[in-house]
Amino acid sequence: MVPKLFNALTKQKEAFKPLKEGVVTMYNCGLTVYDYASIGNLRAYTFVDVLRRYLEFKGFTVKQVVNFTDVGHIFGDVDVGEDRIEAAAEREKKDPWAIAEFYIEAFLDDWRKMNFEEPMVRPRATEHIKDMIELVQKLIDKGYAYVVNGSVYYDVTKFKDYGKLSGNTVEKLKLGAGGRVEFNPEKRNQFDFALWINDPKHVMNWKSPWCEKGYPGWHIECSAMSVKYLGETLDIHTGGVDNLFPHHENEIAQSEAATGKRFVNYWLHNEHLLVEGQRMGRSLGNIYKLSDVVARGHEPKALRYLLLSTHYRQQLNFTWDGLVAAKNAIDRLVNFVRRLLDADGKGSGEEIKHLIERVRRDFEDAMDDDLNIGPALAALFDFVRDVNKLLDDNLLSKEEAGEVHRLMSKFDEVLGVIGEVKKEEKLSKEAEELIAKREEARKAKDWMTADKIRAQLKTMGIIIEDTPEGVQWRFAK
RNA sequence: GCUGGGGUGGCCGAACGGUUCAGGCGGCGGCCUGCAGAGCCGCUAUAUGUGGGUUCAAUUCCCAUCCCCAGCUCCA
């Protein structure tokens, strides 16, 4: 079946069809690297990663681009905002380049720990200044942009489709801004936005055709880099809902004005994360990072599960209890796969075939419906329970267990939380002897000695479990 | 102030107006086990913010109201 995705442009679920059959071009708005990524940022990339993995599960090749915004940008109005990277530079007494480099490295580390797949390319804004300047020049040449005092602005009244994504048409914006006192007098229209900013004081600055020392506007990098790596029309563009306006609206205005073509076919936005039911914010002191999660003794995979287990267009309530629940849910899956390795039963014939058929269908049907992860996971856990019953009754043959194992791995290509589960083989001589001694003690019903040895092995990092098939051991994580 | 999204059991979260309202986690009990672990079964569970309305039937539709979140206004 063809997956359906909720397109912010049309505000409805649409059958997903890439421009080129079998290949998906996807641009994911990246991080502004002035600080560590928050778990809110990580939610956005968890969504992106599951989306990518699911498209691959469906057989698509995904060409993914995730940028780094390593030029400081002024959030809010150009004249009154604060450049976050330069502010961080001042705070940490480093130059902005070092700030960006540092947080890029930190983010790449998070990326790996979260088990996100590596994108095709990770372009940085500072490495594409030339592309941006060319794009700005094109917009000037086509009459969409104008130069004032060495800065360049985009004239929103020239782009007739302005507001088609967010609904913020120029008329509506004017209505909303009734009480606004100050606005940049350089602009022709109040809602024009900067493409290039003339500012000799800006630490990161470049020479351009319009001024000696300036830097690019906030939105132009994504337009320039996406077209460079993925072409003039993208299949998918993602970001947090906060990017919908003005960022993505302005990207559309720039890109479509420059190319005359549709910029993006499917706009996908993830909802935000709440922390204990509250907004995550600096003033509330509840901005958590991956390192905070790890410092409290949780594995990144638990966070990954927690973040992916709620539908991406739904606000997700992050709680520390939820993280524990997530870890335990993963354990259930891992224990299940581990059990499969030892299965050597009679065989269940039709029954397991039906269970496999059902879980495949239910999982895929759910995910095809705009990545509806809830019912997909429910189907998976139903399957686990039903197969566990077969295992309890020794009704699963080695071959059947192998097939189930492969299926679980297939699902995990999307979820990325189980990982490789295999039988551990190497045990020290000492441990082997202890296990043998314990078996002797058990045979003699000397439980005291048996329990003592079990405790001793545990301190060596070896978990002992007695099963009807005999003693099992594994390394503690 | 305007616009949009949301409030579901102890917690997290599903659900196209209609079979007992998924699933996970937690707690309790049982089976299995020497014990533990894993697993299975049952209970927790007469859960849909509140008050009205429409309907044979409402978590779902309508109105009002409270709370949370976001965007715009404003500010950070």
Distance check needed: [N] [atom2] versus [X] [atom1], whole Å only.
X      : N     : atom1 : atom2 : answer
A:N243 : B:G71 : CG    : P     : 10 Å
A:R313 : B:G6  : CZ    : C1'   : 13 Å
A:D386 : B:G39 : CG    : C1'   : 13 Å
A:E276 : B:C68 : CD    : C1'   : 14 Å
A:D242 : B:C75 : CG    : P     : 20 Å
A:Q315 : B:G71 : CD    : P     : 10 Å
A:D370 : B:A14 : CG    : P     : 12 Å

Considering only atom [atom1], compute the distance from [N] to [M] and round it to an integer number of Å.
N     : M     : atom1 : answer
B:C32 : B:U48 : C1'   : 38 Å
B:G9  : B:G49 : P     : 8 Å
B:U50 : B:U44 : C1'   : 26 Å
B:C43 : B:G53 : C1'   : 37 Å
B:G23 : B:A58 : P     : 24 Å
B:C21 : B:G29 : C1'   : 25 Å
B:C63 : B:G26 : C1'   : 39 Å
B:G10 : B:U46 : P     : 12 Å

Discussion item. Which residues in residues 404-420 of chain A have a heavy atom closer than 4.0 Å to any atom of RNA chain B?
Written reply: none

Worksheet item: Tell me, which of residues 435-443 of chain A have any heavy atom that sits under 4.0 Å from an atom in RNA chain B?
Response: A:R438, A:R442

Practice prompt. Please figure out whether A:D451 or A:V384 has its closest RNA chain B nucleotide nearer the 5' end.
Written response: A:D451

Worksheet, complete the sentence: 5'-most contact on RNA chain B (nearest-nucleotide basis), A:M448 vs A:H311, goes to A:H311

Worksheet item: With sequence neighbours left out, what residues match A:R360 under side chain to side chain donor-acceptor pair (under 3.5 Å)?
Response: none

With a 3.5 Å cut-off and just heavy-atom distances, do the side chain of [X] and the base of [N] make a donor-acceptor pair?
X      : N     : answer
A:R454 : B:C35 : yes
A:N317 : B:C11 : no
A:N335 : B:G37 : no

Discussion item. Between A:D392 and A:R339, does any side-chain N to carboxylate O distance fall below 4.0 Å?
Written reply: yes

Worksheet entry | Pair A:R188 + A:D155: basic N to acidic O under 4.0 Å | yes

Any side-chain N or O of [X] below 4.0 angstrom from OP1/OP2 of [N]?
X      : N     : answer
A:R332 : B:A38 : no
A:K389 : B:C41 : yes
A:Q278 : B:C69 : yes

Item to complete: Among residues two or more places apart or on two chains, list those pairs meeting ring-ring contact (aromatic ring centres under 6.0 Å, His included) that have a residue in residues 392-416 of chain A.
Response: A:F363-A:F411

Fill in: Side chain of A:E465 - closest among B:A70, B:C25, B:G37
B:G37

Fill in: Candidates B:C25, B:C40, B:U73 - which lies nearest the side chain of A:F191
B:U73

Mate of [N] where both pairing distances stay under 3.5 Å, Watson-Crick or G-U:
N     : value
B:C16 : none
B:A36 : none
B:U48 : none
B:U59 : none
B:C2  : B:G71
B:G29 : B:C41

With a non-hydrogen cut-off below 4.0 angstrom, is [X] in contact with a base, only sugar-phosphate, or nothing?
X      : value
A:G277 : sugar-phosphate
A:D466 : base
A:E271 : nothing
A:L316 : sugar-phosphate

N/O to N/O distances under 3.5 Å, protein versus nucleotides 15-23 of chain B:
from, atom 1, to, atom 2, distance (Å)
B:A15, OP1, A:N372, ND2, 3.4

Contacts of type side-chain contact (heavy atoms from CB on, under 4.5 Å), residue [X], not counting sequence neighbours:
X      : answer
A:A257 : A:L139, A:Y144, A:Y154, A:F159
A:L274 : A:Q315, A:N317
A:N168 : A:S166, A:L173, A:F245
A:E276 : A:T319, A:W320

Worksheet entry | Side-chain donor-acceptor pair present, A:N41, A:Y36, cut-off under 3.5 Å | no

Discussion item. Under a plain distance cut-off of 3.5 Å, with no hydrogens placed, do A:E249 and A:Y162 share a side-chain donor-acceptor pair?
Written reply: no

Practice prompt. Run the numbers on A:D368 and A:K4 for salt bridge (charged side-chain N to carboxylate O under 4.0 Å, His left out), then give the verdict.
Written response: CA-CA 6 Å; A:D368 277 344; A:K4 280 189 281 189; over 6 Å; no

Discussion item. Are the side chains of A:Y312 and A:I373 in contact, using a 4.5 Å heavy-atom criterion?
Written reply: no

Worksheet item: Looking at the rings of A:H248 and A:H269, which for Trp means the six-membered one, are their centres under 6.0 Å apart?
Response: yes

Pull out every protein N or O sitting under 3.5 Å from an N or O of nucleotides 26-32 of chain B, one pair per line with the distance.
from, atom 1, to, atom 2, distance (Å)
B:G26, OP1, A:N328, ND2, 3.1

Discussion item. Restricting to ring pair (Phe, Tyr, Trp, His ring centres under 6.0 Å), what partner residues turn up for A:F381, sequence neighbours left out?
Written reply: none

Worksheet item: So, is the end of the A:R313 side chain (NZ or CZ) under 6.0 Å from the ring centre of A:F6 and within 45° of the ring's axis?
Response: yes

Worksheet entry | Sidechain-backbone polar pair: A:S255 side chain, A:I252 backbone, donor-acceptor under 3.5 Å | no

Item to complete: Kindly give the heavy-atom pair with the smallest separation between A:R304 and A:T46, and that separation in Å.
Response: O-CG2, 4.0 Å

Worksheet entry | With sequence neighbours excluded, residues passing salt bridge (Lys or Arg N to Asp or Glu O under 4.0 Å) with A:E399 | none

